[in-house]
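Quick note: numbers below take in every heavy atom, side chains included, and nothing from hydrogens, waters or symmetry partners. Residue numbers count from 1 along this sequence.
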Amino acid sequence: MRELLAELKAALEERRDCVYCSLVETRGSTPQKAGAAMLVFPDGSQRGTLGGGCVEAEVKQRALQVLQTASDVPHLLTFQLDDDYGWDDGLICGGRMTVVADPLTRNVRSPAATAYYTRLHDLVEKGVGCTEAVIVSETAGVGVGQRFLFDAEGRLALALGNCDVAAEVAQNLTPLHKRPQAGVRNGVAYLPILPRVTLLIVGGGHVGQAVARLAADVDFDICVLDDREHYVNRERFPAARRIVIGDIGRALQQLAIEITPATYCLIVTRGHAHDEEALYHLANTPAGYVGMIGSKRKIRLIFEDLVAKGISEETLKKVHAPLGFSIGSQTVPEIAVSIVAELIACRNLGGTLREARAWVSLGKGGA
């Protein structure tokens with residue numbers, strides 16, 4: 001989403017015509033869920049995706065038709081994913097997708113649209129979270145496609161439409177700390193963008209490096225700590241937002257004051273002593289996730305040591321150890337996949353590791 005909004009912001013600043021196609025509602029089985037978006041340009045090129053295949057091609061075709069009207073009126077497009085959209089590859093989802101196609105042309109609405117989408121881009125880029133509310137059912141004085149942007153605290157940040165109804169729209173907002181999913185209420189599609197999670201990786205070895213690469217791809221902000229400069233550097237961790245080199249214990253004492261529930265902490269150092277020291281400093285922080293790699297025997301020994309040092313057993317029960325979902329991992333890349341899958345489950349589903357695993361085992365966690 002960050003890359004797409006950066007492209008949209010640039011297009012508006014450069015006064016390039018485009019259509020912003022946002023998926024505002026889905027029902028049944030669909031290739032993407034509400035909140036996905038795609039940009040369509042006059043030459044037929046695109047940025048982002050709504051799932052690919054025939055339905056995406058149809059969205060693009062209809063978006064180009066909207067663009068040709070030289071109108072600034074958003075269009076509501078509905079697609080039933082039946083035989084018409086499954087013919088080429090034999091895959092028929094059977095669901096329904098509703099898309100708002102917002103034409104953004106150089107001659108109409110440019111200043112207001114530029115201000116709105118720039119503000120959306122800035123909030124998403126900062127990772128603080130926000131919610132877009134998009135009108136999908138016309139009511140008195142409020143046309144389809146009008147947009148309202150609320151910040152993480154539920155305050156109106158900007159509107160691309162009738163501000164008089166913003167207070168009414170805000171009444172159905174769900175606070176972001178409850179990790180809401182997208183949904184339609186009273187003719188308004190609410191599209192939350194949750195605050196971005198920082199992943200603090202303690203240990204810059206092979207597992208830490210592999211986890212950082214995968215986690216960055218799924219939109220975690222990466223911070224990595226190690227006491228070895230030749231292991232923690234930009235060459236090994238190009239996607240890291242922050243690199244900390246220094247004694248693990250002292251560095252964590254300083255970092256601990258920055259840790260919030262939006263911080264996940266992963267302990268994958270090179271040895272038992274460093275793992276124990278890291279967990280000692282992280283166990284009592286408000287981190288949303290603390291996990292430590294290791295065998296069951298190693299974990300038991302470390303826990304016994306920490307209890308002797310004053311860390312409560314209740315606190316240690318919250319530690320995710322052993323790490324990752326059980327997928328029979330053998331190689332470092334496989335271990336990284338299992339760990340990042342667990343991180344995603346905890347971020348997207350919320351709750352404890354036990355709850356996240358229950359959701360996944362019941363098939364409630366999605367793909």
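Using modelled atom types, one side-chain atom of Asn233 and one backbone atom of His230 make a donor-acceptor pair closer than 3.5 Å. Judged by distance alone, with hydrogens and angles left aside, the side-chain atoms of Arg16 form no donor-acceptor pair with the main-chain N or O of Leu8 at under 3.5 Å. Put simply, the side chain of Glu56 gets close to the backbone of Leu50: a donor and an acceptor are under 3.5 Å apart. Side-chain N or O atoms of Glu334 include one that pairs as donor or acceptor with a backbone N or O of Gln330 at under 3.5 Å. Looking at Asp226, its side chain does come within 3.5 Å of a backbone N or O of Gly204 through a donor-acceptor pair. Judged purely by atom type and a 3.5 angstrom limit, Arg234 uses its side chain to pair as donor or acceptor with the backbone of Ala240. In terms of modelled atom types and a separation under 3.5 Å, the side chain of Thr285 and the main chain of Leu282 share a donor-acceptor contact.
Qualifying ring-ring contact (aromatic ring centres under 6.0 Å, His included) partners for Tyr190, counting only residues two or more places apart in sequence or in other chains: none. Residues meeting the side chain to side chain donor-acceptor pair (under 3.5 Å) test with Lys317, sequence neighbours left out: Glu314. Residues passing the side chain to side chain donor-acceptor pair (under 3.5 Å) test with Lys60 are Gln46, sequence neighbours excluded. Residues meeting the side-chain contact (heavy atoms from CB on, under 4.5 Å) test with Gln68, sequence neighbours left out: none. The side chain to side chain donor-acceptor pair (under 3.5 Å) search around Glu258 returns Arg242, not counting sequence neighbours. Residues satisfying the side chain to side chain donor-acceptor pair (under 3.5 Å) criterion with Arg185, sequence neighbours excluded, are absent altogether. By the side-chain contact (heavy atoms from CB on, under 4.5 Å) test, Ala262 is found to be paired with Thr260, residues two or more places apart in sequence or in another chain being considered.
The stretch residues 151-160 participates, sequence neighbours left out, in these side-chain hydrogen bond (donor to acceptor under 3.5 Å, both in side chains) pairs: Asp151-Arg155, Glu153-Arg155. Listed by first and then second residue, the side-chain hydrogen bond (donor to acceptor under 3.5 Å, both in side chains) pairs that reach into residues 266-275 are Asp227-Arg270, Thr269-Asp275, Arg270-His274, Asp275-Lys298, sequence neighbours excluded. Applying the side-chain hydrogen bond (donor to acceptor under 3.5 Å, both in side chains) test to every pair with at least one member in residues 200-217, sequence neighbours left out, gives these pairs: Gln209-Arg236.
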From CA spacing to verdict: side chain to side chain contact (heavy atoms under 4.5 Å, CB included), Leu349, Ile344:
CA-CA 8 Å; Leu349 304 177; Ile344 293 171; over 6 Å; no
Walk me through whether Leu199 and Tyr289 qualify under side chain to side chain contact (heavy atoms under 4.5 Å, CB included).
CA-CA 9 Å; Leu199 176 61; Tyr289 172 105; 5.8 Å; no
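Counting non-hydrogen atoms of other residues, nucleotides and ligands closer than 6.0 Å to CD of Glu304 gives a total above 12. Within 6.0 Å of CD in Gln253 there are more than 12 heavy atoms belonging to other residues, nucleotides or ligands. Annotation: Phe41, atom CZ; neighbour count of heavy atoms from other residues, nucleotides and ligands within 6.0 Å is above 12.
Grouping Ile, Leu, Val, Met, Phe, Trp and Tyr residues whose side-chain heavy atoms lie under 4.5 Å apart, directly or via other members, leaves Ile257 alone, with no other cluster members. With a 4.5 Å cut-off between side-chain heavy atoms of Ile, Leu, Val, Met, Phe, Trp and Tyr, the cluster of Val134 takes in Val24, Leu76, Val100, Val136, Val144, Val184, Leu191.
Using a 4.5 Å heavy-atom cutoff, the side chains of Tyr264 and Glu342 are not in contact.
Under a cutoff of 6.0 Å and an axis angle of 45°, Arg228 and Tyr231 form a cation-pi pair.
Of the N and O atoms on the side chains of Tyr20 and Arg147, not one donor lies less than 3.5 Å from an acceptor on the other residue. No donor-acceptor contact under 3.5 angstrom links the side chains of Arg179 and Thr174, judged on distance only.
Closest heavy-atom contact between Pro180 and Pro175: CD-O, 3.5 Å.
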